[in-house]
Number of protein chains: 2
Amino acid sequence: MDKQNRHFAIKQIISHQVIGSQDELCLALGKAGFDVTQATLSRDLKELGIARINAPEGVRYVLHAESEERRLVSFIGYEIESIDANESIVVIKTLPGRAQGVAEIIDSMHHPAILGTLAGDNTIFVSPASVNRVDEVLRMLRSLMSEKRLQVA
Amino acid sequence: MDKQNRHFAIKQIISHQVIGSQDELCLALGKAGFDVTQATLSRDLKELGIARINAPEGVRYVLHAESEERRLVSFIGYEIESIDANESIVVIKTLPGRAQGVAEIIDSMHHPAILGTLAGDNTIFVSPASVNRVDEVLRMLRSLMSEKRLQVA
DNA sequence: ATATCTCTTGCATATTTATTCAAGAAAGCG
DNA sequence: CGCTTTCTTGAATAAATATGCAAGAGATAT
């Protein structure tokens with residue numbers, strides 16, 4: 001089961017050559033000794049959170065920074081102690097000194113329901129895009145804590 | 001002809017809510033008073049260079065940093081005086097003091113054929129991913145100079 | 001005013017990507 | 001070891017996105 005290696009190869013390939021379709025990626029992977037179908041690549045790209053940019057100069061798959069950092073999200077659960085909210089703001093308590101780091105990762109998600117974050121030493125204030133979305137943000141952040149995704153792709 | 005406004009609305013929408021398909025975007029735009037079809041949105045997203053991320057948590061359109069900066073590319077032609085190459089490196093001459101800025105924009109393209117850039121005051125060294133790709137890089141960079149895309153979206 | 005060009009768009013459809021279903025491989029367990 | 005459960009995958013197909021073509025709307029020129 002070569003999935004792990006294939007995932008690495010995919011990242012390697014799309015960061016070194018212009019890949020404009022899954023069929024094209026399929027070919028490139030074939031040359032590298034990975035024989036899979038388009039269906040598998042569709043799933044791989046999804047798991048890797050790879051972005052597809054369709055610009056005037058053509059289509060291209062890229063390793064999106066947001067997706068890269070998404071991997072970190074799997075780990076921040078261990079640094080978070082609690083997540084609560086009142087009617088207008090979400091407050092996260094972290095391990096000592098880890099608030100800045102956790103806040104940065106949350107920022108990197110660019111989640112539309114989050115207006116911004118402000119971090120102290122072990123506390124983060126997360127302001128929602130609207131007071132009506134406090135719950136949405138709360139639930140989203142709490143779901144991060146329970147993620148078990150420990151794959152270290 | 002409302003294209004300009006629609007483009008702005010699209011950016012506004014996708015940065016404030018999770019949009020997972022062009023049909024969905026179509027709906028959101030409809031509510032904002034823009035009635036267009038999926039075909040038009042496909043073209044709009046391409047013109048705006050908007051990225052589509054397909055991750056485990058779902059599909060989502062985002063304003064990709066790379067695409068944003070691509071707009072700047074339209075202007076750097078005015079700051080570039082010449083682009084030449086020998087067998088192994090491309091050398092760009094810019095207006096005085098503009099090398100750093102131009103190099104940064106080139107870097108932001110994350111073009112797979114470019115390994116890296118080094119900028120002085122009015123000179124940039126661009127090292128290709130391989131000596132075999134000097135021509136590719138040269139042609140790509142020269143094409144930037146001639147771009148007429150002056151749309152200030 | 002008429003002709004010619006360019007730009008934008010929708011419709012129909014081609015192309016590309018995602019998913020359903022079933023099969024096979026590996027892992028855990030009694 | 002046999003049984004169940006979980007993963008991974010391909011083939012077929014559904015779903016989503018891109019595009020060829022033609023029509024209409026402005027420009028500009030004659």
Side-chain angles (χ1 to χ4, degrees), chain A residues 1-11 13-14 17-30 32-64 67 70 74 147-153, chain B residues 1-11 13-14 17-30 32-64 67 70 74 147-153:
Chain A
M1 208 273 297
D2 232 6
K3 192 176 169 187
Q4 225 68 27
N5 290 331
R6 189 180 65 237
H7 276 192
F8 182 77
I10 288 173
K11 293 196 286 182
I13 287 170
I14 68 170
Q17 49 184 293
V18 176
I19 297 293
S21 75
Q22 296 178 4
D23 280 339
E24 215 174 305
L25 178 57
C26 197
L27 265 172
L29 275 171
F34 295 93
D35 285 316
V36 284
T37 60
Q38 173 269 326
T40 296
L41 294 185
S42 171
R43 289 185 271 248
D44 284 351
L45 294 175
K46 178 172 192 162
E47 284 163 25
L48 290 168
I50 284 173
R52 179 181 137 103
I53 301 183
N54 183 12
E57 55 271 17
V59 177
R60 187 163 140 222
Y61 283 96
V62 297
L63 289 166
H64 191 277
S67 305
R70 202 176 42 73
S74 315
E147 297 211 14
K148 302 279 190 323
R149 247 180 301 138
L150 293 181
Q151 44 150 323
V152 189
Chain B
M1 205 274 295
D2 231 5
K3 192 177 170 185
Q4 224 69 27
N5 290 331
R6 189 180 65 238
H7 276 193
F8 183 76
I10 288 174
K11 293 197 286 182
I13 287 171
I14 68 169
Q17 49 184 291
V18 176
I19 296 292
S21 75
Q22 296 179 3
D23 280 338
E24 214 174 305
L25 178 57
C26 198
L27 265 172
L29 275 171
F34 296 93
D35 286 314
V36 284
T37 60
Q38 173 269 324
T40 297
L41 294 185
S42 171
R43 289 184 270 248
D44 283 350
L45 293 176
K46 178 172 192 162
E47 284 162 25
L48 290 168
I50 284 173
R52 178 182 139 102
I53 301 184
N54 183 11
E57 55 271 19
V59 176
R60 186 162 141 222
Y61 283 96
V62 296
L63 289 165
H64 192 276
S67 305
R70 203 175 42 73
S74 315
E147 297 211 16
K148 304 280 191 321
R149 247 179 303 139
L150 293 182
Q151 43 149 329
V152 189

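Every chain is numbered from 1, with letters handed out A, B, ... down the list of sequences. Below, each value reflects all heavy atoms present in this structure, side chains not excepted, and no hydrogens, waters or symmetry copies.
One interatomic measurement links the two molecules: NZ of B:Lys46 to C1' of C:dT8, which rounds to 16 Å at whole-angstrom precision. Whole-Å rounding puts the A:Lys3 NZ to D:dT6 C1' distance at 12 Å. Summarising the geometry, the separation between CG on B:Leu41 and P on C:dC11 is reported as 13 Å, rounded to the nearest angstrom. Per the geometry, CD1 belonging to B:Ile53 stands 17 Å off C1' belonging to D:dT17, to the nearest Å. Taking atom CD of A:Gln22 as the reference point, atom C1' of D:dA11 lies 16 Å away to the nearest angstrom. One can place CG of B:Asp35 at 19 Å from P of C:dT8, the figure rounded to the nearest angstrom. For the pair B:Gln4 CD and C:dC7 P, the interatomic distance rounds to 13 Å; values are reported in whole Å. Atom CG of B:Leu45 and atom C1' of D:dA16 are 12 Å apart (whole Å).
Nucleic acid contact for B:Ser42: base, since at least one base atom lies under 4.0 Å from a heavy atom of the residue. In this structure, B:Val59 reaches neither bases nor backbone, as no heavy-atom distance under 4.0 Å exists between it and the strands shown. Residue-level contact check: A:Arg43 touches the bases, meaning some heavy atom is under 4.0 Å from a base atom. Across all strands shown, A:Asp44 has no heavy atoms under 4.0 Å from either base or sugar-phosphate atoms.
Side-chain atoms of B:Gln38 come within donor-acceptor range of the base of D:dA18, with a qualifying N/O pair under 3.5 Å.
Between B:Tyr61 and B:Leu25, every side-chain heavy-atom pair lies at or beyond the 4.5 Å cut-off. Residues B:Asn54 and A:Arg52 have side chains not in contact (no heavy-atom distance under 4.5 Å, counting atoms from C-beta outward). Residues A:Ile50 and A:Leu63 have side chains in contact (heavy-atom distance under 4.5 Å, counting atoms from C-beta outward). Under the 4.5 Å side-chain criterion, counting only non-hydrogen atoms from C-beta, B:Arg43 is not in contact with B:Lys46. Looking at A:Ile19 and A:Ile10, their side chains never come closer than 4.5 Å, going by heavy atoms from C-beta outward.
In terms of phosphate contacts, A:Thr40 brings a side-chain nitrogen or oxygen within less than 4.0 Å of OP1 or OP2 of D:dG10. Between A:Asn54 and D:dA18 there is a side-chain N or O to OP1 or OP2 distance below 4.0 Å. One finds a side-chain N or O of B:Tyr61 lying less than 4.0 angstrom from the OP1 or OP2 phosphate oxygen of D:dT17.
Residues A:Asp23 and B:Thr37 both approach DNA chain C. Their nearest nucleotides, taken by heavy-atom distance, put B:Thr37 toward the 5′ side.
When each of D:dG10, C:dG10, D:dT17 is scored by its nearest atom to the side-chain atoms of A:Arg52, the top-ranked nucleotide is D:dT17.
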